Amino acid sequence: MEGLLSVLLVLTWSFPLFVALLWTSARLRGAGLQLAPFAALPGLLLALLAGGLPAPPEVGAPMTEVTLPLLFTGVDLVLDGTGRSFLLFTSILWLAGGLFARAYHATDVRRGRFFLFFSLTLAGNLGLIVAGDMLAFYLFFALMTFAAYGLVVHAASTEALRAGKVYIVMAIVGEVLLLAGLFSLGGTFGGNPAFGAQLESTWVDLAAGEGPTFGGAAVALLLASGLGVKAGLIPLHLWLPLAHPVAPTAASALLSGAMIKAGLLGWMRVLPAETPLPEASTVLLVTGALAALYGVVAGILQDDPKTVLAYSSVSQMGYMAMGTGLLVAHPELAPWAGVALMLYAVHHGIAKGALFLSVGLADRVPRGDGDRARWWILGGTTLPALALAGLPLTSGALAKNTLKEGLGEMGGTTYSVLEVYLPLAALGTTLLMARFLATLWRRREAADPGTRAFLPFSYGTGTLVAPWAALVLLGAGGMAWLPISVDVPANVALPGPGAEVLVGLLPVLVGAAVGWVVWSRSRDPDRRGLLPEGLAGARVPAGDLLVPVEAVLRWLPLPNQEEWVESLERRGRRGRARMRLAARQLDRLAARDVETVNGTLLGVILVALGAGLVLLLMG
Amino acid sequence: MDVTPLLAWDALPLAVVLSSFVPGVMIMFLKEEQARLRNSLNMAGAVAKVALVGLMLQGVAGGASYEWALEVVPGLSLTLRGDALALLFVTLSAVLWLVTTLYAIAYLEGSANRTRFFAFFSLCVTATTGLAMAGDLFTFVFFYEALTWATYPLVVHKGTPEAIRAGRTYLYYTLGAGAILVVGAVWFQVEAGTVQFAAGGVVDATAVASGPITWAFIFAFLLIGMGVKSALFPIHGWLPTAMVAPAPVSALLHAVAVVKAGAFGITRLLHSLFGIEVAWEMGAAVAVAALAAFTIVYASVRALSQDDLKKVLAFSTVSQLSYIALGVALLDPLAHVGGLIHLVHQGIMKITLFFCAGLIAQTLGVKKISDMGGVARRMPLTMAAFTVGAVGMIGLPPVAGFISKWYLGLGALGAGQPWVIGVLLASSLLNAAYFLPILRTAYFDDPDPSWARGAEGPRPRLEADWRLVLPAVTTAVFSLAAGLLAASSWSPLGWAILIIEQGVL
Amino acid sequence: MTGAELWTTAAVFGPLLASLVALGGRPAALKAGLLLGSVTTLAGSLGLWLQVLQHGPVRHLLGGWGAPLGIELWADGFSVVMLAVTALVGAAVSLYSLSYFGDLSTLDAETSPAGRAARYFVPLWLLLWSALNGIYLSADLFNLYVTLEILGLAAAALVTLAVTPRATVAGMRYLIVSLVGSMLFLLGVALLYTEFGTLALEELSAAAPGGPMAATSLALMTVGMAAKTALFPLHAWLPPAHAGAPAPASALLSAVVVKGSFFILVRLWFAVYGGGSEAGLVLMGGLGAAAILWGSVLALRQRSLKRVIAYSTVAQLGYMFVMFPLLAPEGLGGPDPRWSDDAWIGGILLAVSHALAKASMFMAAGNMSYAVARDGLRDISGVAHRLPMSFLAFGLGGLSLAGLPPSAGFVGKWLLLREALSAGGWFWVAIITVGGLLTIAYVLKVLRHALDREASDGDFRPVPRRMEWAALLLALASASLGVRATEVFQVLLQGGVQPWT
Amino acid sequence: MTDVVTTGLLLDGLIALLLAGLAFRLLRTRDLFEAIMLFVAYGLTLALAWIRVGAPDIALAEAALGAGVTGALFLNAWHRLAVRAGSDDRLPMEADP
Amino acid sequence: MTSLDLYVWAGVVVFLLALHAVVTRAHLLWKVLAINLMGTGVFLILLAAPARRDPMVADPLPQGMVLTGIVVAVAATALALGMALRVMARTGSPFLTVDPETEEPDPDAPEPPR
């Protein structure tokens with residue numbers, strides 16, 4: 001068993017890489033295409049098998065471990081409780097996404113390329129989960145980040161390329177910030193610390209001001225923001241609302257469901273668990289809170305269902321940032337917050353995946369098949385949507401309640417503030433989901449260029465619907481399996497299913513009521529807008545803050561490098577012309593070399609000598 | 001075969017130098033039509049060199065050291081010394097020479113003046129291995145200057161006005177600085193009383209303290225001499241111009257020989273002549289570091305606005321080379337490791353990029369980035385190799401470039417120079433800013449329909465001549481392996497650590 | 001006959017005899033003369049080299065009579081090195097001239113201009129060779145005068161073998177300068193004899209010439225020799241003469257003939273006069289520096305191939321005079337000035353390197369203009385692709401001139417620089433360095449034109465292989481000498497700067 | 001004795017003056033033929049001088065070679081020049097350019 | 001002032017006059033004449049000046065030298081005149097100038113301005 005797990009630990013990321021490698025050979029490319037959708041299977045297998053193991057003696061202890069001393073700077077592969085949870089939902093999502101994409105891109109001429117980047121991104125995503133040290137994590141993180149670019153720009157439309165540009169620019173900025181943080185850690189540790197005790201002691205040194213660069217808080221913020229780009233932390237979320245709508249549906253689902261969680265996992269991995277960093281915590285808490293709210297507001301003002309979902313992700317990641325913030329400031333909260341964060345991640349990942357796939361499914365509903373199919377889709381979609389809103393008895397409620405439970409343990413001002421804030425946010429999430437359902441209903445046409453070719457619903461049903469349905473069911477029935485997917489330490493008791501039903505139900509009910517009122521009073525003949533009259537014209541452009549940033553960049557008088565070089569060269573030409581002139585004068589002089597020197601100079605020298613001679617002879 | 005007696009042969013360094021010199025001179029007297037003989041000589045020399053270097057590697061790893069000397073005039077001799085540091089560079093040039101030779105044979109097939117080309121190609125590598133194993137400053141300068149003129153016929157190989165201009169620029173820069181180098185070297189000999197290279201330097205700290213201005217000038221002279229080949233900021237201008245040369249030459253210039261000679265020279269200057277501690281006390285090392293840092297950023301900014309692929313690569317070389325100077329100038333063993341491994345890493349990555357650029361130009365006639373749309377679909381192997389190189393240049397794991405950057409960063413922190421991290425990161429950003437658009441264009445834009453394989457005639461099995469593709473893929477694999485297997489003792493990293501441990505730096 | 005006697009006799013009288021043989025005028029006689037001359041000088045210089053290396057300076061009294069009336073031949077390291085270089089260059093030029101004037105066996109000496117040139121060239125050259133060797137081996141001033149005069153007459157006649165008016169005028173001017181120079185020299189000799197009553201160099205050296213008469217005589221001889229050596233500012237006759245002469249003659253004139261008078265100058269200043277005066281040494285060095293700058297700049301501005309090389313000779317000769325002040329870095333005070341070995345070896349190495357390189361460059365240039373039948377820099381466009389060997393020879397010669405490794409020029413410059421830097425002579429450092437760079441610039445100018453591929457479609461006359469090989473072999477010798485400069489070093493120390501103290 | 005010495009001195013002074021005067025004249029004249037004639041005269045005077053300084057064998061050589069052969073060589077050159085000058089008026093016989 | 005002094009003086013004067021003429025007279029034949037005169041000037045000095053020390057003893061060395069010198073001078077004159085005639089034949093002028101009409105195009109002529 002141990003041996004099998006070790007092999008799986010390696011296969012988890014190397015199998016997708018192998019699949020990607022097949023692409024370089026024209027002959028094997030077909031095989032790669034067939035294998036790619038299933039490339040996440042070793043990861044899933046590992047997560048499932050590890051789940052069956054007896055719980056390790058203490059939290060965070062590795063369930064299985066492999067060291068590859070020759071690889072890179074020496075790579076530790078570790079599967080611990082946190083990793084298992086992430087691996088589980090991530091590989092489920094990738095499997096579902098892969099199967100969905102296989103059907104969705106069946107007639108896409110560029111599907112080979114899609115699955116190349118799919119496999120590479122997958123390798124990165126799963127690899128970073130099992131990475132046991134800082135550099136290995138960074139290695140896989142970077143692989144995922146850059147390979148995902150290929151997924152974002154797959155459509156190669158103008159919007160896709162713009163979104164890709166924003167994505168890659170922000171990703172690089174994120175990488176740089178992250179690397180700066182890693183350098184600080186590495187410089188303090190004197191190498192590459194493994195996660196866990198080594199990293200923790202590094203933080204202790206850093207917090208004590210023994211690091212070579214900044215203090216602990218600054219390093220933590222560098223790391224948090226570097227990873228925050230991936231996690232969509234405000235104001236680093238700009239790429240999210242641009243990339244999700246243009247990426248192929250499966251890719252959006254993976255971006256939002258799995259990959260942004262890599263940011264969260266990164267936070268949990270690299271930020272200190274036992275060294276309080278209050279400043280960093282405050283920043284995370286405040287930006288998280290802002291994101292949770294801002295995502296709702298900006299999301300409601302969108303028309304594209306995928307953009308709505310993107311902002312929903314921004315909002316949800318805000319919660320997770322808050323959770324992380326608590327974790328960083330309050331080591332005593334660690335078990336609770338950790339469990340809550342993982343529950344959140346799993347729940348949100350699955351639910352968001354299901355929601356995104358819904359959009360893709362809706363796109364492929366043939367016109368003739370009419371509304372019946374759409375009703376089915378809408379009905380199914382409502383389930384994860386409600387879970388996301390935190391309806392009691394769903395996975396969302398479980399995650400939320402666990403967090404509250406933990407906060408209750410802590411008490412204090414933060415708790416009081418959150419006690420008010422969380423229900424309000426839940427209300428917002430409900431409204432956002434309502435808006436999403438409305439925009440989904442209105443969506444009629446396939447949004448993906450290149451896949452416009454009509455697909456008979458019957459063909460696609462099996463392959464398109466199956467992964468969707470699986471995710472919907474998993475998302476809706478999360479309450480049943482979620483607790484098993486997360487290792488719960490002994491000192492944490494998960495709240496029961498019935499806990500705070502009323503408190504939890506209230507925001508959802510209010511949200512639904514507001515939605516209904518707006519729906520019913522809409523002047524829109526279709527009554528499908530689900531947006532109050534006052535807001536009917538108001539829109540936040542997708543990519544919100546980016547618009548002013550781009551405007552400023554355009555306006556900035558950046559020096560024109562070519563002009564500068566040109567002017568230098570002009571000056572050089574002038575100098576050369578002057579030199580040519582001087583050279584011509586020299587030529588004239590040189591032409592007289594023979595006569596001048598021979599005659600005058602020789603004469604003068606000889607006569608002078610002769611005179612000297614005469615004088616000497618006389619003396 | 002039992003190689004034990006060979007392992008103890010002191011003239012092994014000479015044999016390594018001669019393994020390319022002899023074929024080079026023989027080729028010089030061949031007729032243009034004797035292509036088969038010429039190629040055989042070339043490949044035989046290249047393989048022999050790799051084999052001999054392999055022997056030396058084995059010996060040195062086992063703690064041996066090789067020294068061979070020939071007196072030129074009393075007090076000055078040509079000294080070749082094969083120690084771990086020298087072998088780092090020698091191995092790089094020997095291996096890359098082998099692949100470049102294969103590449104060049106295919107690249108230049110059917111073109112004119114190949115006899116001259118390959119003769120000087122061999123002489124170039126001769127000079128490079130010579131200066132890599134130079135045991136003293138005289139020998140170093142000897143081969144360093146020889147390298148300069150041996151490269152000139154290669155730069156002007158095409159014989160176009162542009163190439164000839166580039167050759168002139170190249171010579172003016174390198175020989176101009178070379179003259180200053182000679183003065184610096186002689187002055188060094190006069191002041192220090194020796195030209196020997198020795199670990200930890202041969203300059204007496206008290207002597208420096210008593211004549212700081214003299215020593216500052218000596219250092220500056222030597223630095224200018226070394227700096228021009230390693231393309232430090234104000235004297236880097238020849239390198240982007242010289243990219244008009246054929247692709248194998250660019251590979252040689254940018255990866256194997258010329259620029260590496262400069263960077264290696266700076267290493268020798270800081271470590272074997274002055275000693276890094278003395279250099280820091282003089283303030284010379286920090287000046288080198290600052291200059292290198294500025295060059296890193298400046299050249300990257302210049303690369304941003306180029307459309308000619310090879311020009312981008314050239315500016316990238318200028319930038320990347322200064323990593324080496326930066327690393328060896330910092331007062332920290334990890335930084336030295338970073339600088340030394342980048343000597344190798346930059347070589348294998350940049351040669352991959354130039355191979356690919358040459359492949360694309362040769363196969364599709366594409367030289368500008370803006371024309372590169374969809375190249376990846378037509379030439380997937382080439383672009384895969386190119387991607388590895390580019391990713392390495394940006395410094396992303398797992399390609400070798402990241403390892404360099406990581407050690408440089410750690411070393412900078414260890415040396416108490418955190419600003420270096422900023423430079424490294426800025427460089428990464430800028431590298432990404434000019435390499436990623438190339439990749440995007442190549443992968444995501446639509447290809448030119450006329451490129452379809454087999455458009456004229458039967459569809460070839462490979463995307464281009466295998467002798468062109470194989471070197472590119474090989475070096476790409478090297479670049480990946482140097483990063484992926486960095487922790488192994490035979491990786492550049494492992495060898496650099498051996499250099500530090502053996503104390504030959 | 002002892003070894004020394006045999007070798008000196010071979011070196012001086014071998015070519016003289018060969019010259020007489022060649023006067024026969026028929027192709028076979030010409031070939032036999034060239035062969036005889038080359039063999040005797042090569043053997044003689046090699047034998048003497050070994051002799052001097054083992055036993056120090058050697059002397060040979062011709063016919064057994066001593067001074068004052070007998071002729072004494074005398075060789076130290078300096079003589080032997082110059083002898084050997086001349087033998088090398090001479091052998092290569094002899095080989096070259098076998099083909100340069102056309103196929104000797106079919107030449108009609110009566111009617112064809114080439115035939116006439118060949119018929120005059122060979123005996124004149126062999127006579128010149130004998131005179132040169134005589135200079136190197138002379139032990140007294142009058143002997144020097146006679147050999148110098150023969151050298152000058154033969155050299156001027158060689159220039160006029162080219163039939164162009166330009167070359168004829170240049171040859172005439174050369175002859176006049178040469179004769180005037182000899183007269184000045186002879187006047188100096190007369191004054192010296194008046195003062196000291198001897199002409200033997202060794203005795204003069206022992207007398208340690210001083211006083212106004214000795215100074216005047218040194219001044220006169222120096223001006224005369226400087227005019228013959230074309231030291232700036234008396235260089236103006238050289239470029240047209242060397243550029244105008246037939247290629248093998250140019251090679252000889254630039255490579256070895258000017259070295260004859262240079263040899264005498266060095267002997268006079270250091271061996272006889274013990275360095276003369278410090279101011280005088282600096283003045284000579286200053287003139288050398290001016291020559292380097294002026295010659296190089298003018299070389300850069302020339303538009304014909306051979307003119308570039310000829311002006312380069314003016315510049316390179318300057319280097320040999322830069323050696324003068326560096327030879328006595330601590331001044332001349334005291335009876336036994338410390339001569340600098342660095343400057344001595346460095347300067348002579350440069351002279352040697354220049355001789356080999358310049359001869360190969362003129363021969364290579366001759367090949368190029370032979371092929372295109374013209375001499376303009378623009379006319380040789382693309383010649384590198386047609387005559388790769390000649391191009392290589394020119395390039396290697398150029399790199400020797402510029403002092404790049406592995407040539408002896410590199411080692412020579414290193415040694416000169418070392419001396420200059422030890423003595424804090426920054427002016428000399430700058431001159432040596434800048435001169436090297438200017439050399440590169442004008443060599444590059446030629447290479448650039450030769451490499452230009454765009455204009456390489458003119459008519460090419462095939463060049464005999466022998467001519468290409470002669471140029472290339474010499475170039476290779478010059479370029480690789482640096483590695484074994486220690487041989488030259490060892491023999492040069494036999495006698496050293498001031499052999500009679 | 002004094003007379004002899006004085007006479008000798010006078011004679012030597014005369015010869016010396018004559019040498020200088022002839023040299024001056026022949027170098028200043030514009031007529032080539034005249035110059036050559038003067039040169040021969042100079043050579044013969046020089047031979048006298050050689051006898052006076054006690055070198056009669058040199059005097060013989062001077063008269064034969066210096067004055068005789070050299071003079072003949074010059075005359076030959078003058079003749080050729082004159083022949084050419086007759087057919088070609090671009091050949092100046094006298095004036096400097 | 002002895003008679004030997006007189007000859008030395010005569011030699012100096014002749015030498016200087018001739019030297020001046022070599023430089024200033026353009027006509028080749030005068031140049032050759034002047035060079036001959038220079039030689040005789042030197043010979044005068046060579047014979048007379050050393051003899052001043054001991055006028056009674058004839059010194060064979062200077063005499064031998066002058067004798068050789070005269071022979072060499074004749075040979076040189078013959079060559080110089082021959083070459084001067086060649087110059088005149090080839091350039092049509094007895095001066096050291098190249099007549100542009102008879103000269104081939106000058107390879108050193110400045111390039112026409114671009």
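This one's a predicted model, so the numbers in the text were calculated from it and none came from an experiment. Values reported hereafter were calculated over all heavy atoms of this structure, with side chains retained and with hydrogens, waters and symmetry mates removed. First the proteins, then the strands, lettered A, B, ... as listed; each starts at 1.
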- [ ] Against chain E, label C:Ala170 side chain, backbone, both or neither, depending on which of its atoms sit under 4.5 Å from a heavy atom there.
- [x] neither
Task: Between CG on residue C:Leu153 and OG1 on residue E:Thr77, distance to nearest 0.5 Å - done: 9.5 Å
Open item on the list: Just verifying a value: how many Å separate C:Thr194 OG1 and E:Leu46 CG, rounded to the nearest 0.5 Å?
Closed with: 7.0 Å
- [ ] Tell me, with the steps shown, if C:Leu184 and E:Phe15 meet side-chain contact (heavy atoms from CB on, under 4.5 Å).
- [x] CA-CA 10 Å; C:Leu184 288 168; E:Phe15 185 87; 3.9 Å; yes
TODO: Test C:Tyr145 against E:Val72 for side-chain contact (heavy atoms from CB on, under 4.5 Å), laying out the working first.
DONE: CA-CA 10 Å; C:Tyr145 163 72; E:Val72 169; 4.1 Å; yes
- [ ] Pick whichever of C:Val146, C:Ile150, C:Leu199 has the most heavy-atom pairs under 4.5 Å with chain E.
- [x] C:Leu199
Task: Per-residue contact mode, C:Leu175 against chain E (heavy atom under 4.5 angstrom) - done: side chain
- [ ] Using non-hydrogen atoms and a 4.5 Å limit, figure out which bit of E:Leu47 sits close to chain C: side chain, backbone, both or neither.
- [x] neither
Open item on the list: If you compare all heavy atoms of C:Met172 against all heavy atoms of E:Ala80, which two are closest, and at what distance to 0.1 Å?
Closed with: CE-O, 3.7 Å
Task: Nearest heavy atoms of E:Lys31 and C:Ile176, plus distance in Å - done: CD-CD1, 3.4 Å
Task: Residue, of C:Leu179, C:Leu377, C:Thr160, that accumulates the most heavy atom pairs under 4.5 Å with chain E - done: C:Thr160
- [ ] Using non-hydrogen atoms and a 4.5 Å limit, figure out which bit of C:Phe142 sits close to chain E: side chain, backbone, both or neither.
- [x] side chain
Task: Minimum heavy-atom distance between C:Val189 and E:Met65, given as atom pair plus value - done: CG1-CE, 3.9 Å
